[in-house]
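Structure first, commentary second.
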Amino acid sequence: MRALGFTTSRTGRVLKDVCDELGVDYTHFQPSRRRIELIEDAVRCSRTWAEVIDRVGFAPGSGSARATIRRHCELNGIDITALSRQEAPSGPSPALVPRPDQQRHAAPYLVAAALTLAGVAVSFAPEGVAYDLIGDFPRLGRQRIQVKTVSSGVDCRLSRKEYFRDGHGGHRRALYSAEEIDYFACVTFEQTIYLIPIAAVEGKGSVSLRKYDAYRLPDARPGR
């Protein structure tokens, strides 16, 4: 990742998927002995998984840290039975309510889930490209998908911001083209998804989804 100029953990997963697809062997990538010793010390000196994750240096909110550490422990014979015996939290589950400010972050995963349920293989795009997802569609092959969200109403903005020295705040609105993406996936707060081909909306800065009902994906949720 450093050699390619990438920094985020998501890019690491994408690179791994690309290697798998191209048959590039990376089995020689192994953690250093120093890192294994760090994990071993962290497990020995900690009472909870949270303490281990903190001592090893993972971000507190990392979703993969525990699984990664557990895998290294299994491969190197590090005893984690004391951590595994921790009691599950008591009391009711925390109340989880969908929040509008999180819609933009959730939208790519909602689209990926909907397409996967429909039999489309989906991967997340690398940084720096105009699309968010890549879908491998039957007969169509790989299609580039840009995800947009609709926070209220039915109007979906299809434009983006790009750097422009003389523009307001150093940016200006720009439109996507068929050279950059193949589909827009417009996601409403109610989790309705419209998969609209760029050919149907190219040159438009926004659209009313009422006019594109033919591109709405079926809702796979029970009772919907």
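Every heavy atom of this structure was used, including side-chain atoms; hydrogens, water molecules and symmetry mates were not.
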* Asked: In terms of hydrophobic clustering (I, L, V, M, F, W, Y; side-chain heavy atoms under 4.5 Å; direct or indirect links), are F58 and V52 co-clustered?
  -> yes
* **Heavy-atom closest contact (L133 atom, A112 atom, distance)** => CD1-N, 4.0 Å
* Taking the side chain as C-beta and beyond, is there a heavy-atom pair between V150 and D155 under 4.5 Å? -> no
* Structure fact -> Here the gap from R70 atom CZ to W49 atom CH2, rounded to the nearest 0.5 Å, amounts to 4.5 Å
* Asked: Got a second to check how far I53's CD1 is from I39's CD1, nearest 0.5 Å?
  -> 11.0 Å
* Donor-acceptor contact below 3.5 Å, side chain Q143 vs main chain L140 -> yes
* Pairs flagged by salt bridge (charged side-chain N to carboxylate O under 4.0 Å, His left out) wherever residues 108-121 is involved - sequence neighbours left out -> none
* Asked: Are any non-hydrogen side-chain atoms of V18 and V24 less than 4.5 angstrom apart?
  -> no
* **Euclidean distance, I69 CD1 relative to R35 CZ, rounded to 0.5 Å** => 7.5 Å
* Asked: Between R144 and E179, is there a donor-acceptor pair closer than 3.5 Å when you use the side chain of the first and the backbone of the second?
  -> yes
* **Positive for side chain to side chain contact (heavy atoms under 4.5 Å, CB included) with C186, one of T192, L158, V111** => L158
* Find out whether I198 and Y183 are in side-chain contact, i.e. whether some heavy atom of one side chain is under 4.5 Å from a heavy atom of the other. => no
* **Test side chain to side chain donor-acceptor pair (under 3.5 Å) applied to D41 - qualifying residues, sequence neighbours left out** => R44
* By side chain to side chain contact (heavy atoms under 4.5 Å, CB included), which residues pair with R173, not counting sequence neighbours? -> R157, S159, K161
* For the residue pair Y215 and P197, establish whether any side-chain heavy-atom pair is separated by less than 4.5 Å. => yes
* **Residue list, side chain to side chain donor-acceptor pair (under 3.5 Å) with Q103, at least two apart or on another chain** => none
* Donor-acceptor contact present, side-chain D79 to main-chain T81, <3.5 Å -> yes
* Sidechain-backbone polar pair: D132 side chain, P108 backbone, donor-acceptor under 3.5 Å -> no
Give every donor-acceptor pair under 3.5 Å between a side-chain atom in residues 201-214 and any protein atom, sequence neighbours left out.
from, atom 1, to, atom 2, distance (Å)
E202, OE2, A178, N, 3.1

* **E40 side chain vs I36 backbone, donor-acceptor pair below 3.5 Å** => no
* Structure fact -> Sequence neighbours excluded, the answer for side chain to side chain donor-acceptor pair (under 3.5 Å) partners of R99 is D101
* Counterpart residues, side chain to side chain contact (heavy atoms under 4.5 Å, CB included), relative to I134 (two or more places apart) -> S123, Y131, R142
* Got a second to check how far I80's CD1 is from E74's CD, nearest 0.5 Å? -> 6.0 Å
* Side-chain heavy-atom pair F184, V147 within 4.5 angstrom cut-off -> no
* Asked: For S46, what residues pass the side chain to side chain donor-acceptor pair (under 3.5 Å) criterion, not counting sequence neighbours?
  -> R55
* **Partners passing side chain to side chain contact (heavy atoms under 4.5 Å, CB included) against E180 (at least two apart in sequence or in another chain)** => A130, R160, Y176, S177
* To do: Taking side chain to side chain contact (heavy atoms under 4.5 Å, CB included) as the test, write out the residues that go with L96, two or more places apart.
  => none
* Give, for atom CD1 of I145 and atom CG of L115, the distance between the pair rounded to the nearest 0.5 Å. => 5.0 Å
* **Approximate separation, where rounding is to 0.5 Å, of T149 OG1 and H105 NE2** => 10.0 Å
* Side-chain (N76) to main-chain (H72) donor-acceptor, under 3.5 angstrom -> yes
